[in-house]
Amino acid sequence: FNTPDMKKIELVILFVFMSSLTTTKAQDGIEALLASGVDDANRFANAFTKPVSDALIYSLANGWYNTAQAKKFGRFEISFIGGVSQIGSNSTSFTLNENDYNFLRFQSGASTQQVGTIFGQNDPGVFMNIIEDGEIEGTIELPQGLGSSNLEYLPNIMLQGSIGLPLNTELKVRYLPQIETNDVDVQFYGLGLQHEFSEWIPVLKESPLALSGFVGFNRLSGEFRVSGESDIVSSSNQALTLDVDSWHYAALVSTKYKIFNFYGSLGAVSGSADTRLLGEYEVDNGSSDVEGSTLVDPLHLSSTVDGFRATIGAKLSLAFFRLNIDYSIQEFNTLMVGVNLGI
């Protein structure tokens, strides 16, 4: 997919955790795949983009907490949180079996091959023929991802507010007013609740350990107006929409000393990402299913996540200033640092 200019992309990165992972050179390849039919294009595009969808779901689950202690009623904290998530080698390629496709066949090599995802690349390039009734109707090159950019880590940046509620409960809020430019519309919000159970247990209340439970939800919605042409597919009114829901559930434990503390959690991340390619696409040359026809809003990509997450971290508190760092083991392992101001 083509994307807005980099200045606007950087604005999106700053507030909604999207990085250069959206700047893939996939526009021509994805469009050209429509020549093989909507089913083939959707099957490939789902596999090609799944790693970035999953990474975004996990990314939104980062940075929610830095202690198991819930804030006292009326106390608050503003947190500036940033970090990086590692892209594993298993996210850079997927197995493409041409027998799963109606019209796409490898131009050379075996019928089953490893091809690059949005985080990978094909070196050399991989070409596929569009074959119908034994005849070659066209040839396309599979889209290249970001592998040539040596992208190994994804940035995580967020702003969060927390306030203590009655009954040993803390409310956490993430919110981004709608960003509107000529090319991008983005809106984001998140809500989290943390309850400290150890305050209800006399033995634990007097101990140096705090125990709590946490649940958090994030919602990210965006529309990116794109443009681009393929040699065999022409298009108009193009747009890329994205809707992401991310849930995080965790049991937390931490020490509760005055200055320096450790914290950790065990939990789960779940969520879904729904991406649609909108617009009208005219196929000039391709399979009989689509040749000479206009395809309207042809691609619908979806991905779901249900994964384990474990976090360990440390926190330094000096009056109203706190600094924390933690590392999370999950599908995309993440290192986060938080600067927190509050009372």
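One-based numbering along the sequence shown.
The backbone N or O of T67 lies less than 3.5 Å from no partner atom in the side chain of S254, so there is not a single donor-acceptor pair. A donor-acceptor contact shorter than 3.5 Å is absent between the side chain of S198 and the backbone of L204. Within the 3.5 Å criterion, the main-chain N or O of F106 finds a donor-acceptor partner in the side chain of E98. A donor-acceptor distance shorter than 3.5 angstrom exists from the side chain of T117 to the backbone of F119, with no hydrogens or angles considered. Proximity of a side-chain donor or acceptor of S212 to a complementary backbone N or O of A68 within less than 3.5 Å is detected. Judged by distance alone, the side chain of N261 and the main-chain N or O of K256 form a donor-acceptor pair under 3.5 Å. The closest donor-acceptor contact from the side chain of Q144 to the backbone of N122 lies under 3.5 Å. A donor-acceptor contact shorter than 3.5 Å is absent between the side chain of T169 and the backbone of L165. Judged by distance alone, with hydrogens and angles left aside, the side-chain atoms of T334 form a donor-acceptor pair with the main-chain N or O of F332 at under 3.5 Å. A donor-acceptor contact shorter than 3.5 Å links the side chain of S207 to the backbone of L209.
Between atom CG of residue L299 and atom CG of residue L240 there is a gap of 9.5 Å, rounded to the nearest 0.5 Å. One distance of note links CG of L211 with CD of E199; it measures 10.5 Å at 0.5 Å rounding. Between S36 atom OG and R105 atom CZ the span is 10.0 Å, to the nearest 0.5 Å. In this structure, the separation between OH on Y58 and CZ on R309 is 10.0 Å, given to the nearest 0.5 Å.
Of all non-hydrogen atoms in V38 and P298, the two that sit nearest each other are CG1-O, 3.5 Å. The heavy-atom pair separating R43 from D100 by the smallest distance is NE-O, 3.1 Å. Considering every non-hydrogen atom in both V244 and A273, the closest pair reads CG2-CB, 4.1 Å. Between R174 and L60, the shortest heavy-atom distance links the atoms NH1-O, 2.9 Å. Heavy-atom minimum distance, D297 versus L278: OD1-CA, 3.3 Å. The nearest pair of heavy atoms linking N46 to L301 is OD1-CA, 3.3 Å.
Under the 4.5 Å side-chain heavy-atom criterion for ILVMFWY residues, a single connected hydrophobic cluster contains both L295 and L104. Linking Ile, Leu, Val, Met, Phe, Trp and Tyr residues whenever their side-chain heavy atoms come within less than 4.5 Å places V115 and F103 in a single cluster. Residues F214 and V269 do not share a hydrophobic cluster, clusters being chains of Ile/Leu/Val/Met/Phe/Trp/Tyr side chains in contact below 4.5 Å. Hydrophobic clustering (side-chain heavy atoms under 4.5 Å, transitive across Ile, Leu, Val, Met, Phe, Trp, Tyr) groups I325 together with I329.
A salt bridge does not link R276 with D243: every distance from a Lys NZ or Arg NE/NH1/NH2 to an Asp or Glu carboxylate oxygen is 4.0 Å or more. Electrostatic pairing of E77 and R322 counts as a salt bridge here, judged by a charged N lying under 4.0 Å from a carboxylate O. A salt bridge is defined here as a Lys NZ or Arg NE, NH1 or NH2 lying under 4.0 Å from an Asp or Glu carboxylate O, and D54 with K50 meets this definition.
For the side-chain hydrogen bond (donor to acceptor under 3.5 Å, both in side chains) criterion with Y65, the lone passing option out of H248, K172, Q160 is H248.
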With side chain to side chain donor-acceptor pair (under 3.5 Å) as the criterion, how do N324 and N340 come out once you've worked through the C-alpha distance, each side chain's angles and the decisive distance to 0.1 Å?
CA-CA 8 Å; N324 70 282; N340 315 278; 2.9 Å; yes
Apply side chain to side chain donor-acceptor pair (under 3.5 Å) to residues Q187 and S221 and explain how you reach the verdict.
CA-CA 5 Å; Q187 191 166 30; S221 298; over 6 Å; no
Run the ring pair (Phe, Tyr, Trp, His ring centres under 6.0 Å) check on Y175 and Y189 step by step: do they pass?
CA-CA 4 Å; Y175 178 68; Y189 66 87; 7.6 Å; no
Test log, rule side chain to side chain donor-acceptor pair (under 3.5 Å), inputs N129 and T139:
CA-CA 4 Å; N129 293 328; T139 300; 2.8 Å; yes
Could you go through Q113 and L96, starting from their C-alpha distance and side-chain angles, then the distance that decides it, and tell me whether this counts as side chain to side chain contact (heavy atoms under 4.5 Å, CB included)?
CA-CA 5 Å; Q113 298 183 32; L96 193 158; 5.8 Å; no
Could you go through the side chain to side chain donor-acceptor pair (under 3.5 Å) check for K315 and N66 one step at a time?
CA-CA 7 Å; K315 179 180 178 181; N66 53 43; 3.0 Å; yes
Applying side chain to side chain contact (heavy atoms under 4.5 Å, CB included) to Q86 and E152, what does each step give before you reach the verdict?
CA-CA 6 Å; Q86 185 175 23; E152 297 180 3; over 6 Å; no
Can N99 and S111 be said to form a side chain to side chain contact (heavy atoms under 4.5 Å, CB included), step by step?
CA-CA 7 Å; N99 296 317; S111 62; 4.2 Å; yes
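Under 3.5 Å, the side chains of T311 and S328 contain a donor-acceptor pair of N or O atoms. Side-chain contact annotation: S59 with N156, donor-acceptor N/O pair under 3.5 Å present. At a cut-off of 3.5 Å, with distance as the only test, a side-chain donor of E280 or N237 sits close to an acceptor on the other residue. Side-chain contact, N62 with Q330: a donor N or O sits under 3.5 Å from an acceptor N or O.
More than 12 heavy atoms of other residues, nucleotides or ligands sit less than 6.0 Å from atom CG of L191. Heavy-atom contacts from other residues, nucleotides or ligands closer than 6.0 Å to CG of L323 number more than 12.
Two rings, from F94 and F44, have their centers less than 6.0 Å apart.
Between F260 and F262, the two ring planes are perpendicular [angle over 60°; tilted spans 30° to 60°].
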